[in-house]
Amino acid sequence: MTRKEKATAIAGILDELYPEVPIPLDHQDPYTLLVAVILSAQCTDVRVNQVTPLLFERADTPYAMLELSVEEIEEIIRPCGLAPSKAKGIYNTSRILVDEYGGQVPDQFEDLHKLPSVGRKTANVVLSQAFGVPAFPVDTHIHRLAYRWGLSNGKNPDKTEQDLTKVFPREDWNKLHLQIIYFGREYCPARGHDPATCPICSKYGVKRRMK
DNA sequence: CTCCCGATAT
DNA sequence: ATATCAGGAG
């Protein structure tokens with residue numbers, strides 16, 4: 001069985017389990033999604049969704065965000081962790097959006113990736129979920145499952161992104177990213193993972209020692 | 001590679 | 001007590 005054939009089989013299982021894939025981070029537009037994704041680093045989406053209403057009540061546009069101080073932003077987002085760097089990132093990103101993009105979130109990867117606190121994963125989420133552009137964001141969950149399933153050698157998230165975009169059809173990337181996240185939470189978690197009870201690992205999981 | 005860091009599951 | 005959570009920067 002080739003890697004591509006395995007990918008096709010896995011996509012079939014995911015489609016059956018998750019025909020609908022709602023976006024887990026609450027948002028209203030590209031800007032609020034971008035902010036929510038920055039906050040989601042090393043934090044559950046549930047907690048991000050608890051914090052963003054408080055933040056967006058104060059500021060839901062880059063212009064309004066600049067009316068707040070970095071310290072004020074920091075105080076609101078503290079429960080998400082890594083608050084000092086995330087607050088600076090949100091503020092400085094808003095500054096650039098206002099100064100260089102007319103207050104709009106750019107829809108090109110290179111422009112997004114240049115923004116402070118926006119790496120490959122965040123830029124790809126915004127492209128995928130705010131603009132509907134095919135992209136395959138690779139976070140720790142995608143990285144972990146791709147390794148367990150033998151779809152990538154697990155060296156780093158960038159390599160995993162290369163491998164996954166090769167074996168899955170472009171038009172399915174956006175959906176698959178979310179399906180894999182939901183599946184990982186329910187059947188294939190990072191802690192307390194039992195390959196025997198995972199419907200995909202039990203059939204297609206690599207023999208290598210699981211991470 | 002290390003550090004950033006609050007809350008929760010194990 | 002320790003690992004982990006929709007990572008990114010130095």
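Computation of the quantities below employed the complete heavy-atom set of this structure, encompassing side-chain atoms and omitting hydrogens, waters and symmetry-equivalent molecules.
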Original post:
Base, sugar-phosphate alone, or nothing: which one does Gly192(A) contact when heavy atoms must sit under 4.0 Å apart?
Top reply: nothing
Subject >> Distance between C1' atoms of dG6(B) and dG10(C) (Å, rounded) >> reply: 22 Å
Original post:
If we take the C1' atom in both dC5(B) and dT2(C), what is their distance in whole Å?
Top reply: 15 Å
**OP:** Verify side chain to side chain contact (heavy atoms under 4.5 Å, CB included) between Gln129(A) and Leu178(A), making sure each step is shown before the conclusion.
**Re:** CA-CA 10 Å; Gln129(A) 298 177 13; Leu178(A) 291 169; 3.6 Å; yes
**OP:** Take atom CD of Gln42(A) and atom P of dA9(C), then tell me their distance rounded to the nearest Å.
**Re:** 14 Å
**OP:** Examine dC5(C): is either OP1 or OP2 under 4.0 Å from a nitrogen or oxygen in the side chain of Arg144(A)? Give yes or no.
**Re:** yes
**OP:** Assign each of Leu178(A) and Leu115(A) to its nearest nucleotide of DNA chain C by heavy atoms, then name whichever residue's nucleotide is nearer the 5' end.
**Re:** Leu178(A)
Original post:
Atom NZ of Lys86(A) to atom P of dA6(C): distance rounded to whole Å?
Top reply: 11 Å
Original post:
How would you label the contact of Pro24(A) with the nucleic acid (heavy atoms, under 4.0 Å): base, sugar-phosphate, or nothing?
Top reply: base
Original post:
If you take atom types as modelled and just measure distance, does the side chain of Arg47(A) reach the base of dA7(B) with a donor-acceptor pair under 3.5 Å?
Top reply: no
Original post:
Can you check whether Thr122(A) has a side-chain N or O nearer than 4.0 Å to OP1 or OP2 of dG8(C)?
Top reply: yes
Original post:
What about Gln129(A), does its side chain sit under 3.5 Å from the base of dA6(C) through a donor-acceptor pair?
Top reply: yes
Original post:
Across the strands shown, which category fits Ser85(A) at heavy-atom distances under 4.0 angstrom: base, sugar-phosphate, nothing?
Top reply: nothing
**OP:** Let me know the distance between CD1 of Ile142(A) and P of dC5(C), rounded to the nearest Å.
**Re:** 12 Å
**OP:** Side chain of His141(A) only, please: which of dC5(B), dA9(B), dA6(C) is the nearest?
**Re:** dA6(C)
Original post:
Tell me: NZ of Lys155(A) to P of dC1(B), nearest whole Å?
Top reply: 10 Å
**OP:** Go through the steps for Arg120(A) and Val138(A) under the test side chain to side chain contact (heavy atoms under 4.5 Å, CB included), then give the verdict.
**Re:** CA-CA 8 Å; Arg120(A) 285 197 70 85; Val138(A) 174; over 6 Å; no
**OP:** Could you tell me whether Gln50(A) atom CD has more than 12 heavy atoms of other residues or ligands within 6.0 Å of it?
**Re:** yes
Subject >> Modelled atom types, side-chain donor and acceptor of Tyr91(A) and Glu72(A), under 3.5 Å >> reply: no
**OP:** Round to the nearest Å and state the distance from Ile23(A) atom CD1 to dA6(C) atom P.
**Re:** 16 Å
Original post:
In whole Å, what is the span from the CG atom of Asp158(A) to the C1' atom of dC1(B)?
Top reply: 15 Å
Original post:
Atom NZ of Lys121(A) and atom P of dA9(C): how far apart are they, to the nearest Å?
Top reply: 13 Å
**OP:** Look at Arg185(A) together with Asp45(A) and state whether they make a salt bridge at an N to O cut-off of under 4.0 Å.
**Re:** yes
Original post:
Val125(A) has a side chain; which of dT4(C), dG6(B), dA6(C) sits nearest to it?
Top reply: dA6(C)
**OP:** Output the single nucleotide from dC5(B), dA6(C), dT8(B) whose closest atom is nearest the side chain of Leu25(A).
**Re:** dA6(C)
Original post:
Which of the following nucleotides, dA6(C), dT4(C), dC5(B), is nearest to the side chain of Leu82(A)?
Top reply: dC5(B)
Subject >> Pairwise P distance, dT2(B) and dA6(C) [rounded to whole Å] >> reply: 23 Å
Subject >> Under 4.0 angstrom between Thr140(A) side-chain N/O and dC5(C) OP1 or OP2 >> reply: yes
Original post:
Can you check the Leu112(A) CG to dG8(C) C1' distance for me, whole Å?
Top reply: 15 Å
Original post:
Looking at the side chain of Thr44(A), which of dA6(C), dC5(B), dT4(C) is the nearest nucleotide?
Top reply: dA6(C)
**OP:** Mind running side chain to side chain contact (heavy atoms under 4.5 Å, CB included) on Glu67(A) and Arg58(A) for me, showing each step along the way?
**Re:** CA-CA 9 Å; Glu67(A) 298 294 319; Arg58(A) 301 286 302 278; over 6 Å; no
